[in-house]
Amino acid sequence: MAGFSLALLFAVSNTRFLLDYGPESLPQAYVVSAVFIPAVSLLYNRYARRVTERRLLLTVTSIISAIYLASWLATRTGDVRWISFALLIIFNTLFVFQVVIITLQAARLFDIRQMKTSYPLVLASQTMAVIFGGLSIALLTDIIGDVSNLLLLCFLLSFLQFVMTWLTMKNFPREFSQHGGQQTEATLRDVLAQPYARQIFLYRFFSGYGTELIIIIFATQAARRFQTADSLATFLGNFMAAGTFLTLLFLLFAAGRLLKRFGLSLGIMGNPILVGVVVFSLLFAQLAPLPLITLVFVLAVLARVLDFVLSVSLTEPSIKTMYQALPEQSRPALITVVEAVSQPLGYGVVGGSLLLFAAFNLTGDTLMFTYTAVVCVVWALYGWRTFGLYRTTLLAKLSQRTLAQADLTIDDPATMTIVTNLAQSADPTQVRLALNLLEQAEHPTYEPLLLNLVDHTNDAARLEAFTRLEKHPALAAKIPFATYLCLLY
């Protein structure tokens, strides 16, 4: 229901805004979003610390329903121009909070083991809802008439979401009785004071910065090509469905394999590099002596699709992995600040910079493509820097044993290289730490490493390996008898 309603809201908000205000007004909307979203997040966090999670979820879902209903009623007044601006801000905000609602419920209903198996199914259901929602827009507009009437359907779906949330609370009262008052707080100053947290913040900032520029390019080209409400809404709905479907395919068949093979470097730098190549192609097409209008449109759509797919399937999982090197005690609070402030700040800088350009009569596609290409280069450079700092920070924390073993996820080559280096260390405490990490993660390299460690140059490390092998008789049987004699003598 949440995914379906968001797909409809995406089409309605973008269609109404582009037709009523035009793509040239997107910078103003981004400036407002940059202020509005962090402000709402601050109010949400303060409220969350004062009430139980049951009351929090029911309050948020009821407010979402009320927003949809009020928005639809506002479009019935005849003058919908002002609501068109508000709808775009509402979409950007609800997109964030629907994710928060789903994540919070999943965290309370599933333990760690269930989360690994069940949560992907939850995400898959939302993905399919977005796909069906996007594909149904043309049919729905034929049935209910005006595109704005889709907001009434959004209200009905959000009301069903409220009812389902209430039933979940009723069936699992204990899981949602926790009070949020003991959460650790952090400020933007706390994030900027820590080099690693500051680096992640800057990467997320440039990620939002680049994405919003790409969205403006995409929206500008779409508005030029589709100039009626029905055609534009249908195109945006089909785009949302196609982009989500491609993301699902990429997640199922490619993302995991690519991350395991190439690691976090691909997850962090792949998006800005690949999208940057397309943006540079856009710039060359724009500078061509002959007008290449169709090619420019196709490249703009391709840039948005790539950014959409790669952000969800590669960048987000990589960022979640990089968060594990943040200080354990303050990690949730730091993550909250990074997620709530960095990307909205990027939106605001995009809006402010484009308004400044317009004030000096610096407009046009060539400037926009050049500006976006430069941002993609800076974004990629910050990705490279963030990846390097992650490796050094994680190694330092593991060596100093300031990172809880349960916090480490060993699912990419960079992290695995760090753990392997610890296992090959001459310090038996670091060897023991590497073994603990691999054992707790149930990593397939744990048993082969035990076999290799029986030939370690350090006696304490060898003894550690033999002690652990006592729990694995079948594995211990593979060790030559002469090796045991060497340990005794």
> Please say whether more than 12 non-hydrogen atoms of neighbouring residues, nucleotides or ligands are located less than 6.0 Å from CD1 in Ile293.
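Result for CD1/Ile293: open.
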> What distance do Thr392 atom OG1 and Leu389 atom CG have between them, rounded to the nearest 0.5 Å?
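Thr392 atom OG1 to Leu389 atom CG measures 4.5 Å (nearest 0.5 Å).
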> Are any side-chain N or O atoms of Ser65 and backbone N or O atoms of Ser158, one a donor and one an acceptor, separated by less than 3.5 Å?
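Checking the backbone N and O of Ser158 against the side chain of Ser65, a donor-acceptor pair under 3.5 Å is found.
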> Ignoring hydrogens and geometry beyond distance, is a side-chain donor-acceptor pair present between Ser148 and Thr75 at under 3.5 Å?
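Their side chains do not contain a donor-acceptor pair, so the 3.5 Å distance test is not met.
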> With no hydrogens and no angle check, is any side-chain donor or acceptor of Thr15 less than 3.5 Å from a backbone partner on Val12?
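Checked: no pair found.
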> Go through Thr244 and Phe308 one step at a time and tell me if the side-chain contact (heavy atoms from CB on, under 4.5 Å) criterion holds.
CA-CA 8 Å; Thr244 305; Phe308 186 80; 3.9 Å; yes
> Check Cys376 against Val279 and note the closest heavy-atom contact, atom names and distance.
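Shortest heavy-atom separation between Cys376 and Val279 comes out as SG-CG2, 4.5 Å.
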> Could you tell me if the ring centre of Phe17 sits under 6.0 Å from that of Phe85?
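Yes - the distance between ring centres of Phe17 and Phe85 falls below the 6.0 Å cut-off.
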> Can you see whether Thr168 engages Thr165 through a side-chain donor-acceptor pair at a distance of less than 3.5 angstrom?
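Note: Thr168 and Thr165 side chains miss the donor-acceptor criterion.
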> Work out which heavy atom in Gly348 is nearest to a heavy atom in Val31; give both atom names and the distance.
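Taking every non-hydrogen atom into account, O-CG2, 3.9 Å.
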> Please confirm whether the ring centroid of Tyr382 lies under 6.0 Å from the ring centroid of Phe206.
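Judged by ring-centre distance (under 6.0 Å), Tyr382 and Phe206 do meet the cut-off.
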> Less than 3.5 Å apart, any donor N or O on the side chain of Thr386 or Gln199 sitting next to an acceptor on the other?
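A donor-acceptor contact under 3.5 Å links the two side chains.
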> Any idea which heavy atoms bring Met322 and Ile200 closest together, and the distance?
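Met322 and Ile200 have their closest heavy atoms at O-CD1, 4.1 Å.
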> Short question: side chain of Thr393, backbone of Tyr390 - any donor-acceptor pair under 3.5 Å?
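The answer is no, because no donor-acceptor pair under 3.5 Å joins these two groups.
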> Measure from the side-chain N and O atoms of Arg16 to the backbone N and O of Ser84, and report whether any donor-acceptor pair falls under 3.5 Å.
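Side chain of Arg16 to backbone of Ser84, a donor-acceptor pair under 3.5 Å: no, none is there.
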> I would like to know whether Leu19 and Gln227 meet side-chain contact (heavy atoms from CB on, under 4.5 Å); could you show each step before the answer?
CA-CA 7 Å; Leu19 292 179; Gln227 299 183 354; 5.6 Å; no
> Quick check for you: to the nearest 0.5 Å, what is the distance between Leu310 atom CG and Met269 atom CE?
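Nearest 0.5 Å value for the CG-CE distance: 13.5 Å.
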> Tell me whether Glu316 is salt-bridged to Arg204, with the criterion being a basic N under 4.0 Å from an acidic carboxylate O.
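Salt bridge present between Glu316 and Arg204.
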> How many angstroms lie between atom CG of Leu156 and atom CZ of Phe4, to the nearest 0.5 angstrom?
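If we round to the nearest 0.5 Å, Leu156:CG and Phe4:CZ are 11.5 Å apart.
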> Can you see which heavy atom on Thr363 is nearest to which on Ala358, and at what distance?
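Reported closest heavy-atom pair: CG2-CA, 4.1 Å.
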> Checking the side chain of Thr315 only, and the main-chain atoms of Val312 only, is there a donor and an acceptor separated by less than 3.5 Å?
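Between the backbone of Val312 and the side chain of Thr315 there is no qualifying donor-acceptor contact (under 3.5 Å).
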> How about Phe369 and Phe280: are their ring centres within less than 6.0 Å of each other?
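Distance test on ring centres: not under 6.0 Å, no.
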> If every non-hydrogen atom of Leu6 is compared with every non-hydrogen atom of Phe91, which pair is closest and at what distance?
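In terms of heavy atoms, the two residues are closest at O-CE1, 3.6 Å.
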> Are any non-hydrogen side-chain atoms of Tyr30 and Ile215 less than 4.5 angstrom apart?
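Tyr30 reaches Ile215 side chain to side chain.
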> Please examine the side chains of Leu295 and Phe284, heavy atoms only from C-beta on, and report whether any two atoms are closer than 4.5 Å.
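With C-beta onward as the side chain, the pair stays apart.
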> Here's a test for you: under side chain to side chain contact (heavy atoms under 4.5 Å, CB included), which of Thr220, Thr294, Leu232 qualifies with Arg225?
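When Thr220, Thr294, Leu232 are each tested with Arg225, the side chain to side chain contact (heavy atoms under 4.5 Å, CB included) holds only for Thr294.
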> Kindly compute the distance separating CG (Leu354) from CG (Leu362), expressed to the nearest 0.5 Å.
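Between Leu354 CG and Leu362 CG, I get 11.0 Å after rounding to 0.5 Å.
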> Can Asp307 and Thr211 be said to form a side-chain hydrogen bond (donor to acceptor under 3.5 Å, both in side chains), step by step?
CA-CA 7 Å; Asp307 180 65; Thr211 292; 3.1 Å; yes
> Looking at Phe245, I'd like to know if its CZ atom is crowded, meaning that more than 12 non-hydrogen atoms belonging to other residues, nucleotides or ligands lie closer than 6.0 Å.
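Open.
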> Of all the heavy-atom pairs spanning Ala7 and Met240, show the shortest one and how long it is.
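In terms of heavy atoms, the two residues are closest at CB-CG, 4.4 Å.
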> For the OH atom of Tyr68 and the CG atom of Leu73, what is their distance to the nearest 0.5 Å?
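Spacing of OH (Tyr68) from CG (Leu73) equals 15.0 Å.
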> Taking the six-membered ring where the residue is Trp, are the ring centres of Tyr209 and Phe205 under 6.0 Å apart?
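Yes, they do, as the ring centres are separated by less than 6.0 Å.
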> Given the rule in the side-chain contact (heavy atoms from CB on, under 4.5 Å) test, do Phe235 and Val301 qualify, once you have shown the distances and angles that lead to the verdict?
CA-CA 11 Å; Phe235 168 74; Val301 173; 4.3 Å; yes
> Hey, mind stepping through Ser13 and Ile90 against side-chain contact (heavy atoms from CB on, under 4.5 Å) and telling me if it holds?
CA-CA 8 Å; Ser13 61; Ile90 290 170; over 6 Å; no
> CZ of Phe132: more than 12 outside heavy atoms within 6.0 angstrom?
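Counting other residues, nucleotides and ligands, CZ of Phe132 stays at 12 neighbours or fewer.
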> Does a side-chain heavy-atom distance below 4.5 Å link Ile319 with Tyr203?
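They are in contact (side-chain heavy atoms under 4.5 Å apart), so the answer is yes.
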> Would you say that Leu26 contacts Leu88 through its side chain, given a criterion of any heavy-atom pair below 4.5 Å between the two side chains?
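They are in contact (side-chain heavy atoms under 4.5 Å apart), so the answer is yes.
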> Using a strict threshold of under 4.0 Å (side-chain N to carboxylate O), is an ion pair present between Asp365 and Arg224?
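Between Asp365 and Arg224 there is a salt bridge, with a charged N closer than 4.0 Å to a carboxylate O.
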> Is there a side-chain contact between Leu314 and Phe250 (heavy atoms, below 4.5 Å)?
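Of all side-chain heavy-atom pairs linking Phe250 with Leu314, at least one is under 4.5 Å.
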> Does a donor on one side chain sit under 3.5 Å from an acceptor on the other, for Ser33 and Asn92?
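Yes - a donor-acceptor pair under 3.5 Å links their side chains.
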> Taking atom CZ of Phe159 as the centre, does the number of heavy atoms from other residues, nucleotides or ligands within less than 6.0 Å exceed 12?
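At most 12 heavy atoms, drawn from other residues, nucleotides or ligands, come within 6.0 Å of this atom.
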> So, Ser313 side chain and Thr247 main chain: donor-acceptor pair closer than 3.5 Å or not?
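Such a contact is absent between Ser313 side chain and Thr247 backbone.
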> Between Leu140 and Asn149, is any pair of side-chain heavy atoms under 4.5 Å apart?
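Heavy-atom side-chain distance check fails, nothing below 4.5 Å.
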> Looking at OG of Ser62 and CD of Gln161, how far apart are the two atoms once the value is rounded to the nearest 0.5 Å?
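Ser62 OG to Gln161 CD: 11.0 Å, rounded to 0.5 Å.
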> Judged by atom type as modelled, is there a donor-acceptor pair below 3.5 Å linking the side chain of Asn238 to the main-chain atoms of Thr234?
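Yes, the answer is positive, given that a donor and an acceptor are paired below the 3.5 Å cut-off.
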> Is the ring pair Phe357/Tyr371 parallel, tilted or perpendicular, if the boundaries are 30 and 60 degrees?
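Perpendicular, since the angle between the ring planes exceeds 60°.
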> Is there side-chain contact between Asp190 and Val337, with heavy atoms separated by less than 4.5 Å?
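Counting from C-beta outward, Asp190 and Val337 never come under 4.5 Å.
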> Just checking Phe226: does its CZ atom have more than 12 heavy atoms from other residues, nucleotides or ligands closer to it than 6.0 angstrom?
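Yes, enclosed.
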> Does some side-chain heavy atom of Pro27 sit less than 4.5 Å from a side-chain heavy atom of Val350?
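With C-beta onward as the side chain, the pair stays apart.
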